[in-house]
Amino acid sequence: MPRPIYITTPIYYVNDRPHIGHAYTTIVADLLTRFYRLSDRDAYFVTGTDEHGSKVAEAAQQAGLSEIAFCDQTVETFKTAWENLSLSYDYFLRTTSNRHKQSVQKILEKLHTAKTENGEDVIYSDFYEGLYCTGCEKFITEKELVDGKCPHHKTKPEKLKEKNYFFRLSAFLPRIKELIESDEMQILPEERKREVLGLIGQELGDFSLSRERVKWGIPLPFDKNQSAYVWIDALSNYITAVGYGDDPDSFDKWWTKGEVIHLMAKDILKFHCLYWPAMLMAAGLELPDKMFLHGFFTVDGDKMSKTLGNQIDPNEMVAFYGADATRYLLLTQFPLGVDGDVQAKRFITQYNSDLANDLGNLVSRVIKMVLVNCGGKIPAPHKEIEGLDALMAQAEELAERSYAHIKHFRVTNAIGDAISLVRATNKFFNDRAPWKLVKEGKTDELGGILYACCEVIRIVSILLYPVMPGKMTEIRSVLSLDSASLTLANARTFFELVPGTKVKLDQPVFPRIKEEKEAKTGAPAPAEKEDDNLLDISEFGKVELRVAEVLKAEKVEGADRLLKLQIDIGSEKRQVVAGVAEHYSPDKIMGMKVVVVTNLKPATIRGVESRGMLLAAKKGKKLTLVTVADDIPAGAKIS
RNA sequence: GGCGGUGUAGCUCAGCUGGUUAGAGCAGCGGAAUCAUAAUCCGCGUGUCCGGGGUUCAAGUCCCUGCACCGCUACCA
């Protein structure tokens, strides 16, 4: 028996809305699962949601709901999106489920008593010191502060020390490094492996695994005043989902003995490739076999982000292209593992070209001819046909090639091979010109050609099934094929179709999309502006703006983006530090009349004192300083 | 600044461990065919393989270096 295979996606943060990034990972997982099942491997596919943490609690409060009610609601948006995409996970893990919470506590207990090789405790307590906002009920970083105050509550945070438990990551890194270098735990693609090894080379501190003040979380069994921090809680899902702590048989089958594959985008590399293996080692558990980190989508060149509002909603794509075509289009934009750009109009051309013109039209032209000329029944094969051997050979080796591709995560190659076969078949059909044979009454040869084409369609319907399960099932029903013959083994040989079997075709499998129809990537629907934080005029008045002339400018040593400026604000001269070095050279900014906030509290940045802030407009990578239209002396007040 | 990545036809990208005239799809031009979803098939590319060095009998493919862009990271009051 081949090893069972266990495939995971990250669990998605419940505060997010599903976008094509989430969808992509999950589609890949679904594809792999379906493909391995075709090849007779037992496979298990888990996805889910990460639902704890102070941000979730905050969002729930704003929505006027209890935490769990809020989560129940938003989890549905993920489940619906996945259902729309025909994603058939075996288990949907919620970190708020009792099962997960109980098992995480068992993991924590285990870690609590665990020792490192040197006999040190894996978990130790220490103090975390930081700025704490009582309004937010959380620590905030210096960076988040506005004018020394919490941006949300406009209050000064207090310096606070809190007890935290830490995980002794450093003790495990040498061993992890060995395992990664030797590929016992494979990090893919190669460049990501290099990146992780590079990270190990840098100084990595131990990580904090608990929070004292976060109430919406899983309490530590050995200290009820603390709750588990995100890494422990979220990463553990991979084992709690298959029965760690409550179903030894399942856990043994999938985790301990199975081939474990974690799929994710490259942004969470550190946690998965270092924190997670360390936790598992400390708990004495098997490590995953493979981690595959895929790339990011950019949309028309820009990174997808909430703030840019260019996130693509998979539901909108599904509404427009259907689940199967959406899966196809997302998977084929770029090879798995690298970043790629997505352009709205490309989706339509590619849909029409690959799916409608090549595959859909092949089905139409072949089946219609069978319907009209062969009484709607699959004709008998005929071997003496020019070009048939080559076509057969290409079709018969497709399964093997695809399997090899999938094993190495070369998803686009596997799909590309199937489409190439479709093209070759269109060419074969064209070259043999069966419509001429109809007129000449050569029915044997005609039947042979049509039989061969049906065979290719059957084989393709198996190999593209993991990508487009719905449409391939549809195509298979055209040929009266059932699911029993939906196996990779069945795709390896020609002459599986039984002559005389009825065919039927109700409508085109992939109807062409008219170009005039607006290309929908789901992109913009710009987020509605919240107008509940309008300012009172008096509040605005607190900000003092003045025109200032830049007298002198120089780069700040050791910082790429900082310029140290001497400015004249009329009444006095001041020094400010501005993060504009990437856009303005010292020469260029010298002499400019800019707008400065003059009543900010002084701050020290990179060891340089700054007393004021320049105003600038920024969009994506573009940044331009705010200046004045006509000449006016430095010091002029702005209101 | 540190780490990683990318730079190949108009566009999106393939090119594994170096080896004949550098490829695919899309778009464009010309043609064939008419079974089919106005779909298909054929033909057409003088591309500085980012620049500069080097290793080699041989480099898009390895090494060094420069440039541009992207991501993570530090500093952006």
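Note on naming: letters A, B, ... go to the chains in the order of the sequence lines (proteins, then strands), and numbering restarts at 1 for each one.
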Among the nucleotides [options], which one has an atom lying closest to any side-chain atom of [X]?
X        : options                : value
A:Arg346 : B:rA39, B:rG25, B:rA14 : B:rG25
A:Ser364 : B:rA36, B:rA39, B:rA14 : B:rA36
A:Arg423 : B:rC41, B:rU34, B:rA36 : B:rC41

Counting the atoms with a prime plus P, OP1 and OP2 as sugar-phosphate, which does [X] contact under 4.0 Å by heavy atoms, base, sugar-phosphate, or nothing?
X        : value
A:Val509 : base
A:Arg574 : nothing
A:Pro511 : base
A:Ser353 : sugar-phosphate
A:Asn413 : nothing

* Asked: Do A:Asp568 and A:Arg574 meet the salt-bridge criterion of a basic N to acidic O distance under 4.0 Å?
  ->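 Salt bridge absent between A:Arg574 and A:Asp568.
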
In whole angstroms, how far is the [atom2] atom of [N] from the [atom1] atom of [X]?
X        : N      : atom1 : atom2 : result
A:Gln333 : B:rC26 : CD    : P     : 14 Å
A:Asn357 : B:rA27 : CG    : C1'   : 14 Å
A:Leu437 : B:rA33 : CG    : P     : 16 Å
A:Lys427 : B:rA36 : NZ    : C1'   : 18 Å
A:His272 : B:rC72 : NE2   : C1'   : 17 Å
A:Phe428 : B:rC41 : CZ    : C1'   : 14 Å
A:Arg410 : B:rC16 : CZ    : C1'   : 8 Å
A:Ile415 : B:rC13 : CD1   : P     : 16 Å

Could you verify whether a donor N or O on one side chain and an acceptor N or O on the other, from [X] and [Y], lie under 3.5 Å apart?
X        : Y        : result
A:Asn413 : A:Arg401 : no
A:Arg365 : A:Asn430 : yes
A:Asp354 : A:Tyr328 : yes

* Asked: According to a strict under-4.0 Å criterion, is A:Asn430 in side-chain N/O contact with OP1 or OP2 of B:rA33?
  ->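 Answer no for this pair, as no side-chain N or O of A:Asn430 is under 4.0 Å from OP1 or OP2.
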
* Reckon A:Lys439 has a side-chain N or O less than 4.0 Å from the OP1 or OP2 of B:rC35? ->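 So the side chain of A:Lys439 is within the cut-off, an N or O lying under 4.0 Å from OP1 or OP2 of B:rC35.
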
* Asked: Using atom C1' of each nucleotide, how far apart are B:rC67 and B:rG28 to the nearest Å?
  ->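 Between the two C1' atoms, the distance is 33 Å.
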
* Provide the distance between the two C1' atoms, one in B:rA14 and one in B:rU61, to the nearest whole Å. =>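 Taking atom C1' in both B:rA14 and B:rU61, they lie 13 Å apart.
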
* To do: Look at the side chain of A:Lys502 and the backbone N and O of A:Ser480, then say whether any donor-acceptor pair between them is shorter than 3.5 Å.
  =>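 The answer is no, because no donor-acceptor pair under 3.5 Å joins these two groups.
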
* Asked: Counting only N and O atoms by type, is there a donor-acceptor contact under 3.5 Å from the side chain of A:His19 to the main-chain atoms of A:Gly21?
  ->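 At least one qualifying donor-acceptor pair exists.
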
Hunt down the Watson-Crick or G-U wobble partner of [N], both distances under 3.5 Å, from any strand shown, or write none.
N      : result
B:rG45 : none
B:rU12 : B:rA24
B:rA32 : B:rU40
B:rG19 : B:rC57
B:rA77 : none
B:rG4  : B:rC70

* Can the ring centroids of A:Tyr24 and A:Phe334 be said to lie less than 6.0 angstrom from one another? ->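 Judged by ring-centre distance (under 6.0 Å), A:Tyr24 and A:Phe334 do meet the cut-off.
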
* To do: Starting from the 5' end of RNA chain B, give me the residue, A:Asp267 or A:Phe510, whose nearest nucleotide shows up first.
  =>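 Nearest nucleotide further toward 5': that of A:Phe510.
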
* Would you give the length of the straight line joining atom CZ of A:Phe409 to atom CZ of A:Phe292, rounded to the nearest 0.5 angstrom? =>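 So the CZ of A:Phe409 and the CZ of A:Phe292 are separated by 6.5 Å.
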
* Could you run through nucleotides 2-7 of chain B and give me one letter per nucleotide, 5' to 3': B if any protein heavy atom sits under 4.0 Å from the base, S if only the sugar-phosphate is that close, - if neither? => -SSS--

